[in-house]
Every structure is written in structure tokens, then in C-alpha cells.
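Data first, discussion second: the structure below is written as C-alpha cells.
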Amino acid sequence: MRNLIYAINLTIDGCCDHTKVSGSEEMLEYYTDFLRDVGLIVYGRKTYELMIPYWPDVAKNQSSTKAEIEFAQTFTAIDKVVFSRTLDSVEGNTRIVRANLADELLKLKQETGKKISVGGVDLPAQLIALGLVDEFYFVVHPFIVGEGRRLLEDTGQPEKLNLKLVGSKIFKSGCVALQYLKQG
């Protein structure tokens, strides 16, 4: 069974608003390496519309930095699924799913292939509450912003979720990447 992994950037005070963190070269390189183990990306509509068409355009135009282009090409090559009741169409190697979230994710996890990555805030919170997320990758940026959306505020988590730290990396920028596995 494929693992479902949740990766997100956040500030020290838990803000996960993408406009509050930096997209430095080292972060792009980290996430490019991260995506090399991913065979499918799962998003909700909001995160999909944040990422597409931005990254496919970077991959096509080739006018950005080497790290941005490499991330964009890696990201664009991966198949995507968008869970949405309102989205009418998607681009490229993406499909819309309107079916039951838990049932569809269980089917996807049972397929052969690389890991499944989920991004955003709302959809991952639902998947965490359903007990479907196996790995967590948090990149903590050295900022206290005092505002913005907080990570996992409304998961509806029925009980405490125990995690085991299995990896960490400190970046020159002061960011810290933490990798956890779900226990139990």
C-alpha cells in the first residue's frame, strides 16, 4: 500500500499561509527532492488553483532560476487528483474527483506506485481526521508572523495522534525540516 504524505511550510507560530514563508533556492531544492518519491499529488480546489497554472508556466517558459525550473518540471510531470465539487475543468495530467474522499483515497493508496502527496490545509485536515495520512513533512520557517491561518486548527481529530520523528534537516536560512511517521 502506498503511503499518503502531508507536506507543508509553516512559521514558528504555526501560520501556514504561503505568503508568509520564503520560497528560497534551498527550499525549492528540498521540495524537488521530496517530489522525486511522489507518484501522485492530491489537492483540494484552492491549493490546485494556487499551484496551477503557475508551476506549469514556469516549466514551459524556462525564464526563472534553475531551482524554480527544476521544481516546476518535477512538479508538472506528476499526476494530480483534485477533490472538488465546484471546479469545472483541470489542466494536463490532472483529474477531478467528486466521489467520497475516504473511499477514493483508500483506492488510490492500494494502487502500486510511489507515494501520494497531499497539500493545502482543508483537505489534509480531513484526511488526518480520517486516519489516512501516514507521513508528515513540516518545514518550519524562522518567522513569527502573529497572524494568518494556523496549521490543523479544525481537523476534527477524534483523538490524539502520536507521531515519531524519523528525519530532520537544518537549512542555512534557519528553516528546519521535520519528518514524522504516524504511530499505531
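Computed from a predicted model, the values in this text were never measured in an experiment.
Taken from SG in C175 to CD in E26, the straight-line distance is 6.5 Å, to the nearest 0.5 Å. Between atom OH of residue Y54 and atom OG1 of residue T76 there is a gap of 11.5 Å, rounded to the nearest 0.5 Å. One finds the CG atom of L105 at 11.0 Å from the CD atom of Q110 (value rounded to the nearest 0.5 Å). To the nearest 0.5 Å, the span separating CG on D79 from CG on L40 amounts to 6.5 Å. The structure places OH of Y137 at 9.5 Å from OG of S117, a figure rounded to the nearest 0.5 Å. The structure places CG of N3 at 9.5 Å from CE of M1, a figure rounded to the nearest 0.5 Å.
Judged by the 6.0 Å and 45° rule, K80 forms a cation-pi pair with F75.
In this structure, S64 and V58 approach most closely via the heavy-atom pair OG-CG1, 3.7 Å. The heavy-atom pair separating C15 from G148 by the smallest distance is SG-CA, 3.9 Å. For the pair V118 and P124, the tightest heavy-atom approach, listed with the atom from each and the gap, is CG2-CG, 3.8 Å. Nearest heavy atom pair, residue I78 against residue V38, reads CD1-O, 3.8 Å. Nearest heavy atoms, S63 versus I69: N-CD1, 4.3 Å. A pairwise comparison of heavy atoms in L178 and S168 identifies CD2-CB, 4.0 Å as the closest pair.
When the side chains of ILVMFWY residues are joined at heavy-atom separations under 4.5 Å, either directly or via intervening members, V139 and Y180 end up in two distinct hydrophobic clusters. Tracing side-chain contacts under 4.5 Å through hydrophobic residues (I, L, V, M, F, W, Y), one never reaches I96 starting from L123; they form parts of separate clusters. Using a 4.5 Å cut-off between side-chain heavy atoms of Ile, Leu, Val, Met, Phe, Trp and Tyr, with links allowed through other members, F138 and V166 fall into different hydrophobic clusters. Linking ILVMFWY residues whenever their side-chain heavy atoms come closer than 4.5 Å, directly or via other members, places L101 and L108 in the same cluster. Y48 and V42 are not part of a single hydrophobic cluster, where members link through side-chain heavy atoms under 4.5 Å apart.
Proximity of a side-chain donor or acceptor of D17 to a complementary backbone N or O of T19 within less than 3.5 Å is detected. Between the K20 side chain and the E147 main chain, no donor and acceptor come within less than 3.5 Å of each other. Proximity of a side-chain donor or acceptor of R98 to a complementary backbone N or O of S84 within less than 3.5 Å is detected. Side-chain N or O atoms of T94 include one that pairs as donor or acceptor with a backbone N or O of E91 at under 3.5 Å. Between the side chain of K109 and the backbone N or O of L132 there is at least one donor-acceptor pair closer than 3.5 Å. Looking at D37, its side chain never comes within 3.5 Å of a backbone N or O of K114 through a donor-acceptor pair. One N or O on the side chain of D134 and one on the backbone of L4 form a donor-acceptor pair closer than 3.5 Å.
In this pair, Y30 and F171 present their aromatic rings perpendicular. The plane angle is above 60°, beyond the 30 to 60° band. Ring geometry for F34 against Y31 counts as perpendicular: the plane angle is over 60°, on a 0 to 90° scale with 30° as the lower cut.
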When you look at L10 and V21, which way does the side chain to side chain contact (heavy atoms under 4.5 Å, CB included) test go after all the steps?
-> CA-CA 7 Å; L10 64 149; V21 296; 5.9 Å; no
Any chance you could lay out the side chain to side chain contact (heavy atoms under 4.5 Å, CB included) test for L28 and E68, step after step, and finish with the verdict?
-> CA-CA 7 Å; L28 287 166; E68 288 172 322; 3.4 Å; yes
Determine, step by step, whether E29 and K66 satisfy the side chain to side chain contact (heavy atoms under 4.5 Å, CB included) criterion, reporting the C-alpha distance in whole Å, the side-chain angles of both residues, the deciding distance to 0.1 Å, and the verdict.
-> CA-CA 10 Å; E29 290 167 4; K66 181 183 178 218; over 6 Å; no
Worked verdict on K182 versus V133 for side chain to side chain contact (heavy atoms under 4.5 Å, CB included) = CA-CA 8 Å; K182 179 173 73 172; V133 178; over 6 Å; no
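Legend: residues meeting salt bridge (Lys or Arg N to Asp or Glu O under 4.0 Å) with E49, ordered by chain and number and at least two apart, are R45. Scanning for side chain to side chain donor-acceptor pair (under 3.5 Å) contacts around E25 gives T65, with sequence neighbours left out.
Screening I5, I128, L181 for a side chain to side chain contact (heavy atoms under 4.5 Å, CB included) involving F136 leaves a single residue, I128.
Atom CD1 of I170 is surrounded by 12 or fewer heavy atoms from other residues, nucleotides or ligands within 6.0 Å. Heavy-atom neighbours of R36 CZ from other residues, nucleotides or ligands within 6.0 Å: above the threshold of 12.
A salt bridge links E104 with R95: at least one charged nitrogen is closer than 4.0 Å to a carboxylate oxygen. Salt-bridge check for E135 with R2: failed, with every basic side-chain N at 4.0 Å or more from each acidic carboxylate O.
Through ILVMFWY side-chain contacts below 4.5 Å, L50 is grouped with nothing and stands alone.
A heavy-atom distance below 4.5 Å is found between the side chains of I12 and V140.
D13 and T11 form a side-chain donor-acceptor contact under 3.5 Å, judged by distance and modelled atom types alone.
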